[in-house]
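Below: the structure, in structure tokens.
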There are 4 protein chains.
Amino acid sequence: MQIQKEDIRENIIETSKLLFFEKGYIKTKISDISKKSGIPVGNIYNYFDSKDSIFYTCIENTLKIIDKWFLEQEKKKNMILDFHSELILKELDDMIDFIINNKVEINLIFNISYGTNFEYIPEKILKRYFEVGKNQMSLMNYKNNNYNISNFILKQLISLYFRVLVEVTSNDYSKEEIKNILKELINFLYSGSYGLLKDLKIYH
Amino acid sequence: MQIQKEDIRENIIETSKLLFFEKGYIKTKISDISKKSGIPVGNIYNYFDSKDSIFYTCIENTLKIIDKWFLEQEKKKNMILDFHSELILKELDDMIDFIINNKVEINLIFNISYGTNFEYIPEKILKRYFEVGKNQMSLMNYKNNNYNISNFILKQLISLYFRVLVEVTSNDYSKEEIKNILKELINFLYSGSYGLLKDLKIYH
Amino acid sequence: MQIQKEDIRENIIETSKLLFFEKGYIKTKISDISKKSGIPVGNIYNYFDSKDSIFYTCIENTLKIIDKWFLEQEKKKNMILDFHSELILKELDDMIDFIINNKVEINLIFNISYGTNFEYIPEKILKRYFEVGKNQMSLMNYKNNNYNISNFILKQLISLYFRVLVEVTSNDYSKEEIKNILKELINFLYSGSYGLLKDLKIYH
Amino acid sequence: MQIQKEDIRENIIETSKLLFFEKGYIKTKISDISKKSGIPVGNIYNYFDSKDSIFYTCIENTLKIIDKWFLEQEKKKNMILDFHSELILKELDDMIDFIINNKVEINLIFNISYGTNFEYIPEKILKRYFEVGKNQMSLMNYKNNNYNISNFILKQLISLYFRVLVEVTSNDYSKEEIKNILKELINFLYSGSYGLLKDLKIYH
DNA sequence: CATGAATGAGCCTTCATTCAT
DNA sequence: CATGAATGAAGGCTCATTCAT
């Protein structure tokens with residue numbers, strides 16, 4: 001009895017990830033994937049319905065993890081983030097692991113979706129994350145109501161955050177380096193936001 | 001007659017800018033440009049050698065201005081930026097004008113170059129801008145040597161800056177609003193950077 | 001100024017008609033049409049959206065004439081056909097001309113639509129013609145109520161009629177020969193129907 | 001074991017018949033047959049050389065019966081058909097049984113052969129049947145020499161006959177209904193032919 | 001120069017048949 | 001024999017670019 005081999009499926013996906021990552025979706029031809037993976041064109045279509053579904057499978061797991069993360073944030077809706085807490089430190093570690101393990105996929109989602117049916121996804125994620133950030137802001141204002149940051153800048157900072165995630169994964173940094181970079185980023189974001197307190201602004 | 005020809009050339013470029021901006025480079029067909037501009041396909045090729053050269057012409061002027069700006073920065077190599085100085089304020093105003101007048105083009109350069117021969121340009125600009133920032137940092141360190149920011153984060157902040165430029169121009173903000181946003185951004189960047197001073201860090 | 005040439009359009013259609021007629025729709029490749037007509041594949045698609053629309057254009061005019069004929073029948077709803085009348089004789093002549101001028105097209109409609117989006121058309125035409133025949137039957141019954149023919153056989157006779165039209169056009173008969181054949185057919189159908197009168201049947 | 005193999009062969013054929021009948025030969029994929037029958041694609045090719053040979057096997061038996069019938073007609077070459085004779089009535093019953101038992105196959109032969117190597121068969125059968133009919137006509141003329149029917153119409157009537165056979169089996173008629181329809185048809189053909197006697201014609 | 005049809009290489013996808021297990 | 005994955009030659013259609021008028 002012959003079965004669809006998980007390693008072939010894996011081969012197609014891993015090859016596709018690399019090619020999409022290198023050349024983008026549109027410029028990656030099915031025949032490229034076939035040549036590089038050694039799997040004949042026709043057989044690729046035994047494992048996937050279309051080029052688009054190959055792309056989706058490339059990012060599927062990562063999307064699910066992101067989704068789960070959002071659901072967890074929903075639960076912690078009313079907690080104020082304390083950057084020194086053990087919890088946050090633990091989460092940061094998890095986040096770094098996630099990023100390291102999903103380097104290419106994060107890139108595909110945020111940089112390479114042009115030409116696919118999933119171009120809308122980055123925007124959707126950013127919006128959702130924006131709501132999380134927005135909520136956090138209002139909690140902080142509850143205690144200290146001179147806190148003030150425009151939606152526009154908030155959105156940009158979130159975008160920056162994801163962009164850093166993408167970038168930090170495009171290079172061959174060690175886990176330690178990545179950790180340092182993210183810590184630095186968080187320090188930056190934290191004090192940057194602090195600087196937007198009304199009475200500390202440089203420009204008025 | 002010369003004027004009429006210039007009109008056609010201009011028409012092609014303006015139409016192309018809008019279409020590239022809306023749909024991206026690859027998904028914009030020459031026939032789309034022809035249809036929207038009213039200029040027959042064949043005649044477009046009397047003015048431009050290729051789709052690629054149309055794209056390049058779309059961003060050419062903006063690239064030149066950016067280039068000029070870099071040359072000016074070279075001259076001010078040894079001056080420390082003072083965010084409260086008249087000079088900086090004047091420059092900010094100029095920058096905002098530049099951005100408003102080059103909304104679409106900036107977007108094309110940083111977001112839409114996929115599929116063209118100019119995909120490398122955003123990276124080149126960022127690197128160059130990075131050198132400017134790097135130099136500024138070292139000047140500041142000369143006075144205050146506990147200042148410290150990693151290359152990675154510096155690059156990201158520059159990227160953020162450009163990204164904000166792009167975003168702020170993708171929406172229909174008034175000049176005043178744009179000014180406020182950029183001020184907020186500068187406040188943020190300034191105090192964020194300040195937070196990276198060694199002895200102020202949250203995480204160590 | 002260059003314009004789409006009617007002769008090229010005509011060439012594509014005429015070539016397609018012949019190839020569809022010879023080999024059927026599915027076995028006729030766009031490249032076959034291209035080769036036989038001398039028109040490059042790409043240019044065919046300047047004139048038609050798809051293989052299917054080429055097929056439709058092949059039968060379009062003939063369908064319209066058939067449609068018009070049905071509308072005329074609607075008007076004559078309450079007239080009993082008299083096979084000796086001048087009117088019918090005139091109509092027969094018209095019908096023959098129509099058939100001679102639409103040989104291939106009639107074949108395409110009734111024989112060659114497999115694989116197109118127009119497979120349903122022959123059935124539709126037969127049903128419509130069936131209603132016309134049904135109506136005529138009921139008029140005749142009004143005068144002579146022992147007249148009786150089953151829906152099944154009526155449908156078959158109509159089908160036969162169209163089939164004769166198709167066949168008579170697949171060969172190189174002269175107008176005179178076609179006329180004789182159709183007259184013979186009508187004689188046959190007439191007396192055959194007469195034979196179904198209740199009291200004349202062979203089998204009971 | 002031998003029995004089991006025969007079962008598989010039978011299963012493939014029966015499944016193929018239904019699918020060919022529903023969707024036509026070309027639109028029926030080997031994988032469709034595999035899915036519906038539950039027999040793996042590879043194993044189908046253990047029993048048949050090609051899709052074409054599957055089709056041929058579908059119609060093989062029916063073709064043989066038709067062939068046998070022709071051979072019998074050869075023997076009765078000089079007998080005039082008497083529609084009231086016991087013999088004919090017996091034959092009609094046999095014919096109906098044959099049709100009922102070969103519904104799908106007759107359809108495959110006359111309607112579904114497009115795309116196979118057996119497209120020529122319907123024509124061959126009609127021609128052969130035509131010779132039988134022709135011979136019968138000349139026998140009848142021997143007794144009554146004003147009998148006259150053109151080759152063309154004769155061929156069409158034969159075609160009609162087969163077509164009715166096909167149609168009558170495409171629906172879910174009971175044996176009794178089928179019998180009635182065929183009787184009606186024979187009445188029709190008989191009196192229709194009678195109407196072609198020279199001196200009874202409507203048109204001259 | 002203006003016009004838009006002509007050109008054809010190339011892409012995604014299909015599917016009968018083969019073949020390794 | 002049984003299984004279903006492997007194979008690869010087409011087919012319909014696209015579109016940047018060229019070219020005849």
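Computed over heavy atoms, backbone and side chain alike; hydrogens, waters and symmetry mates excluded. In the text below, chain A, chain B and the rest are named by the order of the sequence lines, each starting its count at 1.
- Across the protein-nucleic acid pair, Ile8(A) atom CD1 and dT21(E) atom P stand 11 Å apart, rounded to whole Å.
- With sequence neighbours excluded, the residues forming a ring pair (Phe, Tyr, Trp, His ring centres under 6.0 Å) with Phe118(D) are Tyr56(D), listed by chain and number.
- Per the geometry, NZ belonging to Lys27(C) stands 16 Å off C1' belonging to dA10(F), to the nearest Å.
- Nucleic acid contact class of Ile39(B) (heavy atoms, under 4.0 Å, all strands): none.
- Look at CD1 on Ile33(C): it is 12 Å from C1' on dG11(F), rounded to the nearest Å.
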Q. Yes or no on side chain to side chain contact (heavy atoms under 4.5 Å, CB included) for Thr28(D) and Ser16(D), after CA distance, side-chain angles and deciding distance?
A. CA-CA 8 Å; Thr28(D) 299; Ser16(D) 300; over 6 Å; no
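- Applying ring pair (Phe, Tyr, Trp, His ring centres under 6.0 Å) to Phe55(A) and the options Tyr25(A), Tyr114(A), Phe48(A), Phe21(A) leaves one that passes, Tyr25(A).
- Stem regions annotated for DNA chain E: E:2-21 with F:2-21, counting only runs of 3 or more consecutive pairs of Watson-Crick or G-U type with both contacts under 3.5 Å.
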Q.
Using a 4.0 Å heavy-atom cut-off to protein, can you give one letter per nucleotide of nucleotides 11-18 of chain E, 5' to 3': B if the base is in contact, S if only the sugar-phosphate is, - if neither?
A. SSBBBSBB
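- Using a 4.5 Å heavy-atom threshold, the side chains of Ile125(B) and Leu63(B) count as touching.
- Residue Asp52(D) forms a side chain to side chain donor-acceptor pair (under 3.5 Å) with just one option from Asn117(D), Thr116(D), Thr57(D), and that option is Asn117(D).
- Every ring pair (Phe, Tyr, Trp, His ring centres under 6.0 Å) that Phe110(A) has, sequence neighbours left out, goes to Phe162(A).
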Q | Residue pair Asn61(A), Asn102(A): steps toward the side chain to side chain contact (heavy atoms under 4.5 Å, CB included) verdict | A | CA-CA 9 Å; Asn61(A) 286 334; Asn102(A) 294 271; 5.6 Å; no
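- Residues passing the salt bridge (charged side-chain N to carboxylate O under 4.0 Å, His left out) test with Glu10(C): none are found, sequence neighbours excluded.
- One interatomic measurement links the two molecules: CZ of Phe55(C) to C1' of dG12(F), which rounds to 17 Å at whole-angstrom precision.
- In this structure, Ile54(C) atom CD1 and dC13(F) atom C1' are separated by 11 Å, rounded to whole Å.
- As a whole-Å value, the separation of Arg9(A) CZ from dG4(F) P is 17 Å.
- For the pair Asp32(C) CG and dA10(F) C1', the interatomic distance rounds to 12 Å; values are reported in whole Å.
- Rounding to whole angstrom units, CD1 of residue Ile44(B) and C1' of dC1(E) are separated by 14 Å.
- A salt bridge (Lys or Arg N to Asp or Glu O under 4.0 Å) check over residues 33-46 of chain A, counting only residues at least two apart or in different chains, returns nothing.
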